[in-house]
There are 2 protein chains.
Amino acid sequence: MHSFTEENYLKTIYHLSQLNDSPVQTNAIAEGMKTRAASVTDMLKKLSDKQLIDYIKYQGVTLTERGKTTAVGVIRKHRLWEVFLVEKLKFKWDEVHDIAEELEHINSGLLVERLDEFLGFPKRDPHGDPIPDKDGIFEPDQNIHLHEMCQGDKGVIIGVNEYTSSFLKHLERLGLTIGIRIEIEEIADYDGSVELLVEGKRINVSREVTQRILVNYK
Amino acid sequence: MHSFTEENYLKTIYHLSQLNDSPVQTNAIAEGMKTRAASVTDMLKKLSDKQLIDYIKYQGVTLTERGKTTAVGVIRKHRLWEVFLVEKLKFKWDEVHDIAEELEHINSGLLVERLDEFLGFPKRDPHGDPIPDKDGIFEPDQNIHLHEMCQGDKGVIIGVNEYTSSFLKHLERLGLTIGIRIEIEEIADYDGSVELLVEGKRINVSREVTQRILVNYK
DNA sequence: AAAAATTTTTAGATTTATCTAAATATTCAA
DNA sequence: TTGAATATTTAGATAAATCTAAAAATTTTT
Ligand SMILES: [Mn+2]
Ligand SMILES: [Mn+2]
Ligand SMILES: [Mn+2]
Ligand SMILES: [Mn+2]
């Protein structure tokens, strides 16, 4: 089996590799893992020895199939536990990420499948992120970031990509939660902030926020 | 916070200290933790520095109040998770102990209390062990081991003190599960095995088994 | 109360994951 | 295309938890 640390590295590498299709760089991993580049290099050697990543010195890394399977498995567990915490234990969406960081490393294949079943095979976690099925398949979805939308565009908030309690509470105060319908009224040249129509009200949202909201629009 | 290892040591020391009221010895801990006496000595120093145990060289250890609170907290989580696995995820009683060994170390006070509430504040785990409440209080109970009972005694199986899958499956085959009423028909001098009346049938049970079954009798 | 047996501790390694500082490789930009 | 900036790796330490072997303390037995 893999240590918690190894699993966290694989998850980080997976998420980074989603951002673009070139190999993931040491420094990016170091930032994601909140550690130093030298520590990352050490771990990359280890993951490479275990055939979880393809690693060429100075050239960054890509996950092998085994590495990807492991990473997706951890993500699956993370998101299922988040659903459990919110749906069954009445946690709020801003309270569950850190607990799921721990629960995601519990290793029992049967547990994951039973949990999935108990939750009714949910497709998304409380932050709108898709939950891979037991074969690691994600439901395809084409979202865009709110900051990529144009004046007049309409859509429904489908997810976020920051999970800190402070950010999520801020969104709640703004009324920007999952499932909410929005329309872009105006984009300010000056600071990139956006004027939105949300449930009949006009609100102004900073670029920091629009970059972290995913919208499903058609 | 405490590491998984520290928590496991505290739990082991707690269980051993329940067996008699003298200080717990290094070798006993080593056996319980499946490690070497030298490793135990190292850890005892650490736990002592953290004021979780009172430790006098060569004289064994006792838990401090803080140590006891921590140990009972871990036991509480272990047993609540076992209830969750059996009651909600349909695991069998012989499948849950090892998973609970991992889940017991998830640290979130809110999680434990919400879980307890979700489960309806259960008083016992699937093996009949009492679950301490949030203040660490156990429901008082006076059980005896099946091997301590005498010919003619009657009672109800209320728990076990071994949690291996092989033992628990063996009990199931014998029909000796929690809540079952039994009566001692005869005790063999030769090997200490016991003739029991269980649901109208006479069965013979070895001493290895009778030592691991707890009975509530009056 | 010695000697023997047992228990516990110390000394010194090992493994894993981390760090800082220095060396080296790669990329960017003049 | 060379020098500067950036990114990455190596070297050498550290901290946690473990180990074996040997020394020391305690307990038991004679
Ligand atoms: Mn999360
Ligand atoms: Mn994690
Ligand atoms: Mn158990
Ligand atoms: Mn444990």
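Order of the sequence lines sets the chain letters (A, B, ...), proteins ahead of strands, with each chain counted from 1. Note that the structure is predicted; figures quoted are calculated from it, not measured.
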So do the side chains of B:Ile178 and B:Trp93 get within less than 4.5 Å of each other, counting heavy atoms only? yes
Report yes if some heavy atom in the side chain of B:Leu214 is under 4.5 Å from a heavy atom in the side chain of B:Leu146; otherwise report no. no
Gap between atoms CZ and P, on A:Phe4 and C:dT18 respectively (whole Å): 13 Å
Ring pair (Phe, Tyr, Trp, His ring centres under 6.0 Å) against A:Phe91, all qualifying residues, sequence neighbours excluded: none
Among A:Arg76, A:Lys134, A:Arg79, exactly one meets salt bridge (charged side-chain N to carboxylate O under 4.0 Å, His left out) together with A:Asp116. Which residue is that? A:Arg76
Protein heavy-atom contacts under 4.0 Å, written 5' to 3' over nucleotides 10-16 of chain D as B (base), S (sugar-phosphate only) or - (none), form the string B-----S
Would you mind reporting whether B:Leu52 and B:Ile13 have side-chain heavy atoms less than 4.5 Å apart? no
Does any donor atom in the side chain of B:Trp81 or B:Glu102 lie under 3.5 Å from an acceptor atom in the other side chain? no
To the nearest Å, how far apart are A:Gln59 CD and C:dT26 C1'? 8 Å
Rounded to whole Å, please give me the gap between OH in B:Tyr58 and P in C:dA5. 19 Å
What integer distance in Å separates A:Leu47:CG from C:dT16:P? 13 Å
Judged by modelled atom types alone, do A:His78 and A:Asp125 share a side-chain donor-acceptor pair under 3.5 Å? no
For B:Leu16 and C:dT7, give me the distance from atom CG to atom C1', rounded to whole Å. 16 Å
B:Arg36, CZ atom: more than 12 neighbouring heavy atoms under 6.0 Å: no
N/O (side chain, B:Arg36) to phosphate O (OP1/OP2, D:dT18) under 4.0 Å: no
Selection: residues 5-12 of chain A, any non-hydrogen atom under 4.0 Å of DNA chain D: none
Is there a side-chain contact between B:Leu168 and B:Ser165 in this structure, where contact means two heavy atoms from C-beta onward sitting under 4.5 Å apart? no
Between C1' of D:dA7 and CD1 of A:Ile56, the distance in whole Å: 16 Å
Can you tell me if B:His105 and B:Asn8 form a side-chain donor-acceptor pair at under 3.5 Å? yes
Mind telling me whether B:Phe118 and B:Phe84 have parallel, tilted or perpendicular rings, with 30° and 60° as the class edges? tilted
Members of residues 97-104 of chain A that approach DNA chain C, where some heavy atom sits under 4.0 Å away: none
For DNA chain C, find the residues of residues 21-33 of chain B with a heavy-atom distance under 4.0 Å and give them by number; none if there aren't any. B:Gln25, B:Thr26, B:Asn27
Set of ring pair (Phe, Tyr, Trp, His ring centres under 6.0 Å) partners for B:His147, sequence neighbours left out: B:His145
Would you check if there is a donor-acceptor pair between the side chains of A:His97 and A:His127 at a distance under 3.5 Å? no
